[in-house]
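Structure first, commentary second.
Quick caveat: nothing in here was measured; it's all calculated off a predicted structure.
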Amino acid sequence: MTVAKRIDGKAKAAELAESISRETAALLKEHGVTPGLAVVIIGEDPASQVYVRNKKRTAESCGFHSVQHTLPENVSQPDVLQLINELNNDDAIHGILVQLPLPDHLNEQAITQAIAPSKDVDGFHFVNIGKLTAGHTSDAFVPCTPAGCMLMIEDELGSDLSGKNAVVIGRSNIVGKPMASLLLQANATVTVTHSRTRNLPQVVAGADIIVAAVGRADMVKADWVKPGAVIIDVGINRVEKTIDGETRMVLTGDVDFDDVSTVAGAVTPVPGGVGPMTITMLMANTLRSARLAAGLVA
Ligand code: NAD
């Protein structure tokens, strides 16, 4: 018996993208400014190419100036840094994104930290991480995936999470840690769990909000879940599944959707949940950066 609501991230992302397009048109009409997003992709990683294509397509559909720099797998660190320096100084560009992962010979930290904090629409610069951690979310660029998760949580539970227990599974810098900061900022009582956590199902069982960002297919089961909990599934896993006698590769999350749906209050699906929201939040951050550069309140 299914009880949980299926949170439609795709529909919410489309709605948000529409309002971003409207605001973009108004920004051009009233202030002569078009948000500019530069995406840098290095090498041939097929998943990265799909992500970059989607980001470019969404940026263009929002009316942005969209630029893609495709660099060869063997590009040198100084050449990457030089490109970032040029983009930092290009007034037509308001957001810079370097698609991760990078080839092994490149220093990921030096590259992400070379992006000007005011154009760091991924929210990976230490200045933005510091602002988020210190609760200065009004002038920080918040990483896109947790920012999108937070909007979906707010839709279900409101913006004040006082008295709610939230359990984040995963402690990465791009999802788990910033997610915990946002939940804490919204007054939730937050527990961050990870690969060294003992008795994970027991810890998760106390949660009103579960955010799973691990990378292990269908890990969270119904018997981990408190009745009525809101579950946000960040995981993207490619697994073989047999459907109607046919075996093929499918995408699945970290949460066993059908199983937890018998207990939870609301769950995001994979695909169609967090993924589309992540891309839209990138557009929201870029628009905000363009507004700030034009001297407007974000
Ligand atoms: P990561 O590999 O950097 O971090 C994974 C985290 O999971 C680590 O903190 C680790 O301690 C924890 N972990 C590993 N095994 C565990 C276990 N058995 N029990 C509890 N915790 C465990 O990954 P990430 O970059 O945070 O991404 C996590 C997942 O989210 C991946 O599947 C990734 O593809 C997906 N993702 C999706 C989006 C999106 O837009 N939908 C964005 C980013 C990441």
Side-chain angles (χ1 to χ4, degrees), residues 7 9 12-13 15-16 19-20 95 97 100 112 117-118 120-194 197 203-204 206-215 220 226 229-236 253-255 264-268 270 273-289 292 298:
I7 299 173
K12 185 169 175 63
E15 225 174 81
L16 267 172
S19 86
I20 291 170
L97 177 157
L100 303 178
T112 50
S118 60
D120 170 39
V121 285
D122 255 341
F124 296 164
H125 196 285
F126 293 155
V127 166
N128 286 312
I129 294 171
K131 284 181 179 176
L132 170 60
T133 311
H136 287 259
T137 39
S138 59
D139 69 343
F141 286 115
V142 174
C144 303
T145 299
C149 294
M150 203 59 208
L151 287 186
M152 292 191 284
I153 292 169
E154 280 176 8
D155 274 357
E156 299 308 313
L157 299 170
S159 54
D160 183 359
L161 303 176
S162 297
K164 302 283 185 208
N165 291 325
V167 172
V168 179
I169 317 177
R171 58 171 165 180
S172 71
N173 288 332
I174 62 168
V175 189
K177 285 181 197 161
M179 189 72 238
S181 296
L182 287 172
L183 288 162
L184 195 57
Q185 177 82 355
N187 302 321
T189 302
V190 183
T191 306
V192 182
T193 63
H194 46 80
T197 299
V203 179
V204 174
D208 303 296
I209 302 160
I210 302 166
V211 180
V214 179
V220 178
K226 179 174 169 180
V230 171
I231 307 181
I232 306 294
D233 189 354
V234 180
I236 303 175
D254 292 343
V255 174
V267 193
T268 62
V270 177
V274 174
M277 286 297 288
T278 295
I279 296 187
T280 305
M281 295 317 291
L282 176 68
M283 306 307 144
N285 279 351
T286 306
L287 172 62
R288 188 153 170 263
S289 176
L292 285 167

Please enumerate all residues that pass salt bridge (Lys or Arg N to Asp or Glu O under 4.0 Å) together with K12, with sequence neighbours excluded. D155
Output the distance between atom [atom1] ([X]) and atom [atom2] ([Y]), rounded to the nearest 0.5 Å.
{"X": "H194", "Y": "T197", "atom1": "NE2", "atom2": "OG1", "value": "4.0 Å"}
{"X": "T278", "Y": "M283", "atom1": "OG1", "atom2": "CE", "value": "11.0 Å"}
{"X": "L287", "Y": "L282", "atom1": "CG", "atom2": "CG", "value": "11.5 Å"}
{"X": "T268", "Y": "I7", "atom1": "OG1", "atom2": "CD1", "value": "6.0 Å"}
{"X": "D122", "Y": "T286", "atom1": "CG", "atom2": "OG1", "value": "9.0 Å"}
{"X": "C149", "Y": "I209", "atom1": "SG", "atom2": "CD1", "value": "11.5 Å"}

Less than 4.5 Å apart, side chain to side chain, heavy atoms only: is that true for [X] and [Y]?
{"X": "R288", "Y": "F141", "result": "yes"}
{"X": "F124", "Y": "N173", "result": "no"}
{"X": "L151", "Y": "M281", "result": "yes"}
{"X": "I153", "Y": "L183", "result": "yes"}
{"X": "V192", "Y": "K177", "result": "no"}
{"X": "S181", "Y": "T133", "result": "yes"}

Nearest heavy atoms of [X] and [Y], plus distance in Å:
{"X": "V175", "Y": "A213", "value": "CG1-CB, 3.5 Å"}
{"X": "A212", "Y": "V220", "value": "CB-CG2, 4.3 Å"}
{"X": "N285", "Y": "C144", "value": "ND2-SG, 3.9 Å"}
{"X": "L16", "Y": "M277", "value": "CD1-CE, 3.7 Å"}
{"X": "G135", "Y": "Q185", "value": "O-NE2, 3.0 Å"}
{"X": "I169", "Y": "T193", "value": "CA-OG1, 3.2 Å"}

side-chain contact (heavy atoms from CB on, under 4.5 Å), that's the test. Do D254 and V234 meet it? Break it down for me. CA-CA 7 Å; D254 292 343; V234 180; 5.7 Å; no
Give every donor-acceptor pair under 3.5 Å between a side-chain atom in residues 160-168 and any protein atom, sequence neighbours left out.
residue : atom : partner : partner atom : Å
D160    : OD1  : S162    : N            : 3.0
D160    : OD1  : S162    : OG           : 2.6
D160    : OD1  : N187    : ND2          : 3.0
D160    : OD2  : S162    : OG           : 3.4
N165    : ND2  : G206    : O            : 3.3

